[in-house]
Amino acid sequence: MTDAFLQQRLLDINSDLAERLGIEKTDNPENIVVDFSGPNIAKQMHVGHLRSTIIGDCICRMFEFAGHNVIRQNHIGDWGTQFGRVILGFWHLCMADKHGNPYYLSELEKLKEYAKDKERLEELCCKIRDRHEQDYLADVYEEHGEYGDGKRHFGPFLAKVASEEHDIREKIQPVYQFVSTLEDSVAGMGLSIPTRNSQKEPISIPYESLSRHITAMLQRGGHEDVQEREAWKIAKHDTLEQCQKIYDLLKVTLTEKDVRGESEYKDDLPGIVEDLKKLGLAKESEGATCVFPEGFLGKEGDPLPFIIRKSDGAFLYATTDLAAMKYRIGELKADRIIYVTDARQQLHFKMLFATAKMAGWLDDDIELCHVTFGTMMGTDGRPFKTRSGENVKLADLLTEAVEQAKRVVEEKNAELSDEQKQEIAKAVGIGAVKYADFSNNRTTDYVFSFDKMLAMEGNTAPYMQYAYARVKSIERKAVSKGIDIAAELAGIKKLSITEGAESDLAKHLIRYGEAIRLARADCKPNCLTAYLFDLAQKFSSFYNACPVLIAGEDKRPTRLLLCDLTARTMKHGLNELLGIETVEQM
RNA sequence: GCGCCCGUAGCUCAGUCGGAUAGAGCACUGGUUUCCUAAACCAGGGGUCGCAGGUUCGAAUCCUGCCGGGCGUACCA
């Protein structure tokens, strides 16, 4: 690389008025659908959603910057089995209301406590089941030979809930957990519970499959379930509101308009199954409707099914994903679809892609891409959980990160105002969580540690943010010394790069576009963080070796330019592409 | 059993469509503040790239086998 070339590139970047640091847009803009985040209804976002959410967001930002038309799709889990659990949860809320006792709270604790004590667990489950049966039967009536349930208590309760949604807000999540935990607990105990089938005939089913039974009935499209759907809407709205707060906190570019959940495809599901049957691809097998894509083998070497309808008639995520894919190709005109999920879903997506291909739903030029990532581990080397083995809520994790960052700020910079400290703590804490994730190779598991991610040394958010703050500090000092940076940079025609640190920094600055290209091509944010870390290191060396403001007239403009380009590049990378905040002072 | 991912310095990891003495960070050792933020910088030690073959002028990288770990493998997502 000649000096002339290097200087010309730096001057070109400096004079780029489009704020693109001299990086061109693509000549070939595509419609790129990115499916990411996808939290579940009635469950708070937990650490399991973090990676998909922020990696997916980064991918969107990178393709958008390249000039593509990115269509974000938050494929939330609001149909499927959770649906039945939410309804069952509401039923328990109703019964708790009737008894004047929120039994689900204390019983949830006990179910967890007795998890390893089979005898006591069984005793508790029997007690719960017996009360359930009594409550259910007390709410059933028969008139003129017609069998109905929920007319006395559950129906009116749901009507009340629909009109007083704020009252229910706090209760959905614990009761949902209660239902899930109860289901897990009673599995294999051989308990059964009375309910009805879709012909409104009384039947008895295994207790652990009650929520699935409800799901299946609702998916068959019972018109008498209007109330349940109304209540479910409240739960969904509530969950999304909580999620949006977290997206905003994380600086993730998802909004309500990007939400298109599983339920949006519910009316398409029977058609999907029919179409695949007509094409001769879907067959009945062990009561379920399955596609057997070529090349997928099960344990005994037999063909592996891609199940699109369960034996109880309910649809599942395979069906929904097929419907979503048709929508994205047909309505959104996707040229490329990127799915961002954990690596465990690889087989599902391989079979999904194979099925869509066999069905002829894919033009050859449509690219399907499954971007996977590893599990977040605790420092003990096991998947990151709380001490009691539960998923860590994302809201709690982020709060903790900001608090820990606040402590560091207090320690390092006690003289700042409270407001400044809080702002810095937020940028550093949230930034640290995101940066730690981005800087690790997507495909491998990574160990989550507050201590490491909040360290000032090494490839961390605070180190980057500090480097940025130091550049900004030079600018502030320049103003107080009466140096007009804008004027010096505008009039710059020729650079003077003599020191090794200057040249190292300069050469690195002109390679930003290359780093972005690499990161985007493989959907690997760590390529970008590696570049930015190198940049911060090279700047720090330069900062130490080459004084800027006291440099002679011959050197100062060049050094000011290097500072300015460093700041612009770091800010662009951190803010625009990674969604990590920078602060002017720290 | 089969499939996918991983195995690189004491620790955490980059580098993997072949290219020169294999790179960071942490930790460890020593040094640097009359000068723009020391949350920094500089210097140093430390690696048979899991093992064994093969392809190649050249392999951490590609191929085969093995060992070790993780995940998945019919009605959860």
Side-chain angles (χ1 to χ4, degrees), chain A residues 38 40 48 75 77 79-82 85 180 183 212 215-216 262 285-290 292 295-318 320-321 341-348 350-351 372-375 377 379 381 383 408-409 411-413 424 428 436 439-441 443-447 449 451-452 454-460 462-467 469-478 480-481 483 501 524 526-527 529-530 533-534 536-537 539-551 559-560 563 585-586:
Chain A
N40 287 340
H75 191 73
W79 198 241
T81 308
Q82 313 89 308
R85 288 199 186 134
S180 306
E183 259 176 31
R212 281 196 290 276
T215 303
E262 296 180 329
S285 171
E286 298 177 28
T289 309
C290 315
F292 292 91
F296 294 90
L297 298 180
K299 280 175 188 161
E300 316 296 326
D302 45 340
L304 196 63
F306 189 56
I307 299 175
I308 55 174
R309 188 164 60 198
K310 302 201 284 186
S311 51
D312 64 8
F315 302 104
L316 29 101
Y317 77 140
T320 311
D321 275 344
T341 83
D342 67 279
R344 288 174 304 199
Q345 297 189 40
Q346 227 173 48
L347 184 60
H348 166 74
K350 276 188 182 168
M351 295 182 89
T372 63
F373 49 83
T375 310
M377 310 294 264
T379 36
V408 179
V409 178
E411 185 190 311
K412 299 285 178 189
N413 252 330
I424 295 166
V428 170
S439 59
N440 265 89
N441 185 333
T443 59
T444 50
D445 295 345
Y446 90 98
V447 177
S449 156
D451 288 346
K452 283 198 174 157
L454 286 169
M456 324 307 162
E457 314 85 23
N459 190 4
T460 65
Y463 177 85
M464 309 292 299
Q465 287 162 321
Y466 177 67
R470 291 217 289 186
V471 194
K472 287 307 191 183
S473 177
I474 293 176
E475 287 180 13
R476 279 193 303 277
K477 278 280 168 16
S480 69
K481 290 192 174 189
I483 298 169
K524 286 171 88 170
N526 70 302
C527 294
T529 59
F533 178 56
D534 274 351
Q537 275 189 315
F539 173 76
S540 292
S541 299
F542 161 81
Y543 180 92
N544 225 259
C546 307
V548 178
L549 299 179
I550 58 170
R559 291 186 179 173
L560 281 172
C563 286
Q585 260 187 78
M586 63 186 282

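Below, chains carry the letters A, B, ... as their sequence lines are ordered, and counting in each starts from 1. Since this is a predicted model, take the numbers as computed values, not measurements.
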Next on the checklist: Counting the atoms with a prime plus P, OP1 and OP2 as sugar-phosphate, which does A:Phe533 contact under 4.0 Å by heavy atoms, base, sugar-phosphate, or nothing?
Outcome noted: sugar-phosphate
Next on the checklist: Using the rule given for side chain to side chain contact (heavy atoms under 4.5 Å, CB included), can you reason through A:Asn413 versus A:Ile424, listing the C-alpha separation, both sets of side-chain angles and the distance that settles it, and then say yes or no?
Outcome noted: CA-CA 10 Å; A:Asn413 252 330; A:Ile424 295 166; 6.0 Å; no
Item to check | Rounded interatomic separation in angstrom, taking CG from A:Asn459 and C1' from B:C11 | outcome: 16 Å
Checklist entry - Under 6.0 Å from the six-membered ring centre of A:Tyr543 and within 45° of its axis: does the NZ or CZ of A:Arg470 meet both? => result yes
Checklist entry - Choosing from B:C71, B:C36, B:G1, which nucleotide comes nearest the side chain of A:Lys477? => result B:C36
Next on the checklist: For a quick check of understanding: with a heavy-atom distance under 4.0 Å over all strands, which category does A:Cys563 fall into, base, sugar-phosphate or nothing?
Outcome noted: nothing
Checklist entry - Under 30°, 30 to 60°, or over 60°: which ring-plane class applies to A:Tyr317 and A:His348, parallel, tilted or perpendicular? => result parallel
Checklist entry - NA contact type, A:Ala469, heavy-atom cut-off 4.0 Å: base, sugar-phosphate, or nothing? => result base
Checklist entry - With a 4.0 Å cut-off on heavy atoms, is A:Lys452 in touch with a base, just the backbone sugar-phosphate, or nothing at all? => result sugar-phosphate
Checklist entry - Of the nucleotides B:A74, B:C36, B:G72, which one has an atom closest to the side chain of A:Leu347? => result B:G72
Item to check | Proximal nucleotide (of B:U12, B:A40, B:A77) relative to the A:Glu262 side chain | outcome: B:A77
Next on the checklist: Measure CG/A:Asp445 against P/B:C13 and give the value in whole Å, please.
Outcome noted: 9 Å
Checklist entry - In whole Å, what is the span from the CZ atom of A:Phe292 to the C1' atom of B:A74? => result 8 Å
Checklist outcome for this item: Mate of B:C49 across any strand shown (Watson-Crick or G-U wobble, both atom pairs under 3.5 Å) is none
Checklist entry - Please give, in whole Å, the distance from B:C36 P to A:Arg476 CZ? => result 13 Å
Checklist outcome for this item: Rounded to whole Å, CE of A:Met464 lies from C1' of B:A39 at a distance of 14 Å
Checklist outcome for this item: Any strand, both distances under 3.5 Å, Watson-Crick or G-U wobble: B:U55 pairs with none
Next on the checklist: Between A:Thr460 and A:Ala455 (side chain of the first, backbone of the second, donor and acceptor by atom type, cut-off under 3.5 Å), is there such a pair?
Outcome noted: yes
Checklist entry - How would you label the contact of A:Ser311 with the nucleic acid (heavy atoms, under 4.0 Å): base, sugar-phosphate, or nothing? => result base
Checklist outcome for this item: Which of B:C36, B:C41, B:C13 is nearest the side chain of A:Ile474? It is B:C36
Item to check | Euclidean distance, A:Phe373 CZ relative to A:Asp445 CG, rounded to 0.5 Å | outcome: 11.0 Å
Next on the checklist: Using a heavy-atom cut-off of 4.0 Å across all strands, would you classify A:Leu304 as base, sugar-phosphate, or nothing?
Outcome noted: sugar-phosphate
Checklist outcome for this item: Against the side chain of A:Tyr466, the closest entry in B:C6, B:C35, B:A38 is B:A38
Next on the checklist: Output the rounded distance in Å from CZ (A:Arg85) to C1' (B:A77).
Outcome noted: 10 Å
Checklist entry - With both distances under 3.5 Å as the test, what is the Watson-Crick or G-U wobble partner of B:C11? => result B:G25
Next on the checklist: Classify A:Gly77 by what it touches in the nucleic acid, base, sugar-phosphate, or nothing, heavy-atom distance under 4.0 Å.
Outcome noted: nothing
Next on the checklist: Regarding A:Pro547, tell me which of base, sugar-phosphate or nothing describes its non-hydrogen contacts under 4.0 Å with the strands shown.
Outcome noted: base
Checklist entry - Quick one: is B:U16 close enough that its OP1 or OP2 comes under 4.0 Å of any side-chain N or O from A:Lys524? => result no
Item to check | Residue matched to B:C41 through Watson-Crick or wobble contacts both under 3.5 angstrom | outcome: B:G31
Item to check | A:Gly77 backbone acceptor or donor facing A:Gln82 side chain under 3.5 Å | outcome: yes
Next on the checklist: What's A:Ala288 touching, base or sugar-phosphate or nothing? Going by heavy atoms closer than 4.0 Å.
Outcome noted: base
Checklist entry - Counting only Watson-Crick or G-U wobble pairs whose two distances fall under 3.5 Å, which nucleotide matches B:G68? => result B:C6
Next on the checklist: Nearest to the A:Lys299 side chain among B:C13, B:C4, B:G1, which nucleotide is it?
Outcome noted: B:G1
Next on the checklist: Students often get this wrong, so: under 4.0 angstrom with heavy atoms, is A:Asn526 touching a base, only sugar-phosphate, or nothing?
Outcome noted: sugar-phosphate
Item to check | Pairing nucleotide - B:U61, Watson-Crick or G-U, each distance under 3.5 Å | outcome: none
Checklist outcome for this item: A:Arg344 atom CZ is separated from B:G3 atom C1', nearest whole Å, by 17 Å
Checklist entry - Going by a 90° cut-off around 0, is B:U73 syn or anti? => result anti
Next on the checklist: Under a 3.5 Å cut-off for both contacts, is B:U73 paired Watson-Crick or G-U wobble with anything, and if yes, with which nucleotide?
Outcome noted: B:G1
Checklist entry - Quick one: which of B:C11, B:A77, B:G3 gets closest to the side chain of A:Gln82? => result B:A77
Item to check | N or O in side chain of A:Arg470 less than 4.0 angstrom from B:A39 OP1/OP2 | outcome: no
Checklist entry - When you measure from the side chain of A:Tyr543, which nucleotide among B:A74, B:C36, B:A40 comes out closest? => result B:C36
Checklist entry - Quick one: is A:Tyr463 getting a side-chain N or O under 4.0 Å of the B:A38 phosphate, OP1 or OP2? => result no
Next on the checklist: By the 4.0 Å heavy-atom rule, please label A:Ser285 as base, sugar-phosphate, or nothing.
Outcome noted: base
Item to check | Contact nearer the 5' end of RNA chain B, comparing A:Asn40 with A:Pro305 | outcome: A:Pro305
Next on the checklist: Is A:Gln345 close enough to B:C76 that one of its side-chain N or O atoms is under 4.0 Å from OP1 or OP2 there?
Outcome noted: no
Checklist entry - When only distance counts, do a donor and an acceptor, one from the side chain of A:Tyr317 and one from the base of B:A77, lie under 3.5 Å apart? => result yes
Checklist entry - Taking OP1 and OP2 of B:C42, is either one under 4.0 Å from a side-chain nitrogen or oxygen of A:Ser541? => result yes
Next on the checklist: Closest-nucleotide mapping onto RNA chain B: is A:Thr375 or A:Gln346 further toward the 5' terminus? I mean the 5' end.
Outcome noted: A:Gln346
Item to check | Minimum-distance nucleotide to A:Leu316 side chain [options: B:A74, B:C11, B:A77] | outcome: B:A77
Checklist entry - Please give, in whole Å, the distance from B:C76 C1' to A:Asp321 CG? => result 13 Å
Next on the checklist: Checking A:Met456 against A:Val408 for the side chain to side chain contact (heavy atoms under 4.5 Å, CB included) test, could you report, in this order, the C-alpha distance in whole Å, the side-chain angles of both residues, the deciding distance, and whether it holds?
Outcome noted: CA-CA 10 Å; A:Met456 324 307 162; A:Val408 179; 2.9 Å; yes
Next on the checklist: Show, in sequence, the C-alpha distance, side-chain angles and deciding distance for A:Phe533 and A:Asn526, and conclude whether the side chain to side chain contact (heavy atoms under 4.5 Å, CB included) test is met.
Outcome noted: CA-CA 10 Å; A:Phe533 178 56; A:Asn526 70 302; over 6 Å; no
Checklist entry - Just checking A:Glu457: base, sugar-phosphate only, or nothing, at a heavy-atom cut-off of under 4.0 Å? => result sugar-phosphate
Checklist outcome for this item: Against the side chain of A:Met586, the closest entry in B:A39, B:C36, B:U12 is B:A39
Next on the checklist: Quick one, A:Ser540 with A:Tyr463, criterion side chain to side chain contact (heavy atoms under 4.5 Å, CB included). Give me CA distance, side-chain angles, the key distance, then yes/no.
Outcome noted: CA-CA 10 Å; A:Ser540 292; A:Tyr463 177 85; 3.5 Å; yes
